[in-house]
Protein chains: 2
Amino acid sequence: MRSIPKISDAEWEIMKLIWRVNPITSEEIIISLSGKMNWSAQTIKTFINRLLKKGAIGFEKTGRSYIYYPLVSEKDCIRAENKSFLKKVYNGAVGMLFSNFIEEESLSEKEIEKLQDLLAKKKTKILPVKKIER
Amino acid sequence: MRSIPKISDAEWEIMKLIWRVNPITSEEIIISLSGKMNWSAQTIKTFINRLLKKGAIGFEKTGRSYIYYPLVSEKDCIRAENKSFLKKVYNGAVGMLFSNFIEEESLSEKEIEKLQDLLAKKKTKILPVKKIER
DNA sequence: TGGTATAGTTTACAACTGTAAACACAGCTT
DNA sequence: AAGCTGTGTTTACAGTTGTAAACTATACCA
């Protein structure tokens with residue numbers, strides 16, 4: 001249960017890729033991100049190295065090059081990021097966060113329905129139900 | 001329509017206060033935040049100064065001290081922060097953001113109902129309604 | 001087996017951040 | 001009027017970040 005290191009914006013881009021596809025070589029990372037992000041190969045190498053130093057990813061030697069894989073889970077990182085964002089911008093008020101995003105962002109009907117579903121489910125869960133032990 | 005400057009985490013704390021109560025003196029800011037944030041008065045002064053330099057706040061002289069007020073709106077800053085967070089962590093997928101927060105965060109029944117209401121309203125707005133001109 | 005391309009490592013460097021000490025200046029007090 | 005006191009201003013300093021060049025070592029090709 002390694003504590004999650006601080007991951008910078010640029011590093012997040014690398015991590016998202018590694019979480020999606022791993023293990024992965026630096027070459028693949030560079031190919032995949034240099035265009036999208038407009039980063040030079042060297043720049044990407046730096047980010048990979050920093051993530052290594054931070055303990056966010058690990059690697060295994062494979063002949064000439066390494067293959068990298070995540071050491072921290074996406075779930076945990078997202079959770080941490082959510083938390084600090086919520087605190088920083090909304091003082092922890094989830095309700096405000098939601099209403100803001102609902103207002104600002106465009107959602108398809110389908111998405112809205114899915115959210116309504118999620119909320120309904122959530123509601124039943126917090127309903128003061130008489131607990132049945134077994 | 002001043003473009004919003006980049007506001008750091010610590011600076012956000014100052015801004016949130018200034019948005020809530022303004023105009024405000026540095027003394028008030030220091031009193032209000034030094035305890036909560038565990039910052040020395042000097043540290044807070046630095047943040048205030050940086051916000052001035054960034055053009056996020058302005059001031060007016062009042063004898064010995066200044067009174068500060070925001071130059072960028074809370075709404076705009078929150079919007080920008082939302083946007084970059086959504087992009088960085090969720091690749092812009094609002095749906096994912098919502099389901100994550102709904103799962104992770106605890107919401108009161110009342111809050112859930114409010115959200116359901118908001119979603120319902122949002123839905124009617126995107127419903128393909130035959131426009132009635134007048 | 002020697003040379004070379006290439007993957008990884010080190011170094012660079014300015015801007016931004018958190019954290020704060022040192023300094024300067026203008027009113028208020030005596 | 002002179003000094004003190006409390007504001008604002010400058011300077012400091014290490015760590016992080018974005019961006020990348022320079023360097024090094026080694027696996028593979030000829």
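A, B, ... follow the sequence lines: proteins, then strands. Residue 1 opens every chain.
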Checklist entry - In whole Å, what is the span from the CD1 atom of B:Ile14 to the C1' atom of C:dT17? => result 13 Å
Checklist entry - Which is true for B:Thr43 with a 4.0 Å heavy-atom rule: it touches a base, it touches only sugar-phosphate, or it touches nothing? => result base
Next on the checklist: In whole Å, I'd like the distance from the CH2 atom of B:Trp12 to the P atom of C:dC16.
Outcome noted: 19 Å
Checklist entry - Once you round it to whole Å, what is the distance between C1' of D:dT11 and NZ of B:Lys45? => result 14 Å
Checklist entry - What do you reckon, are the aromatic ring centroids of A:Phe59 and A:Tyr69 less than 6.0 Å apart? => result no
Item to check | Phosphate-side-chain proximity, A:Tyr66 and C:dT9, N/O vs OP1/OP2 below 4.0 Å | outcome: yes
Checklist entry - Can you check side chain to side chain contact (heavy atoms under 4.5 Å, CB included) on A:Tyr68 and A:Thr25, steps first, answer last? => result CA-CA 6 Å; A:Tyr68 300 91; A:Thr25 65; 5.8 Å; no
Checklist entry - Would A:Glu113 and B:Lys123 pass as an ion pair if we require N to O under 4.0 Å? => result yes
Checklist entry - How long is the gap from CD1 on B:Ile78 to CD on A:Glu104, to the nearest 0.5 Å? => result 9.5 Å
Next on the checklist: What's B:Lys6 touching, base or sugar-phosphate or nothing? Going by heavy atoms closer than 4.0 Å.
Outcome noted: sugar-phosphate
Checklist entry - For A:Ile44 and C:dT6, what is the distance between atoms CD1 and P respectively, to the nearest whole Å? => result 17 Å
Checklist entry - Tell me: CD1 of A:Ile29 to P of C:dG8, nearest whole Å? => result 9 Å
Item to check | Proximity to DNA chain C (any heavy atom under 4.0 Å), residues of residues 34-42 of chain A only | outcome: A:Gln42
Checklist entry - Nearest-Å distance, NZ (A:Lys88) to P (C:dG18)? => result 9 Å
Next on the checklist: Please list, in numerical order, the residues of residues 46-65 of chain A that have a heavy atom closer than 4.0 Å to any atom of DNA chain C.
Outcome noted: A:Asn49, A:Arg50, A:Arg64, A:Ser65
Item to check | Contact nearer the 5' end of DNA chain D, comparing A:Ile7 with B:Ile67 | outcome: B:Ile67
Checklist entry - Mind checking whether B:Tyr90 and B:Phe85 have parallel, tilted or perpendicular rings, split at 30° and 60°? => result perpendicular
Item to check | Phosphate-side-chain proximity, A:Tyr68 and C:dA7, N/O vs OP1/OP2 below 4.0 Å | outcome: no
Checklist entry - Is any side-chain heavy atom of B:Glu13 less than 4.5 Å from a side-chain heavy atom of A:Asn91? => result yes
Next on the checklist: Does the plane of the ring in B:Trp39 sit parallel, tilted or perpendicular to the ring in B:Phe47? Use 30° and 60° as the thresholds.
Outcome noted: perpendicular
Checklist entry - For A:Lys61, does its backbone N or O pair with a side-chain atom of A:Ser65 as donor and acceptor, under 3.5 Å? => result no
Item to check | Distance below 4.0 Å between A:Thr25 side-chain N/O and C:dA7 OP1 or OP2 | outcome: no
Checklist entry - side-chain hydrogen bond (donor to acceptor under 3.5 Å, both in side chains) with B:Glu11: which of B:Arg50, B:Lys6, B:Lys54? => result B:Lys54
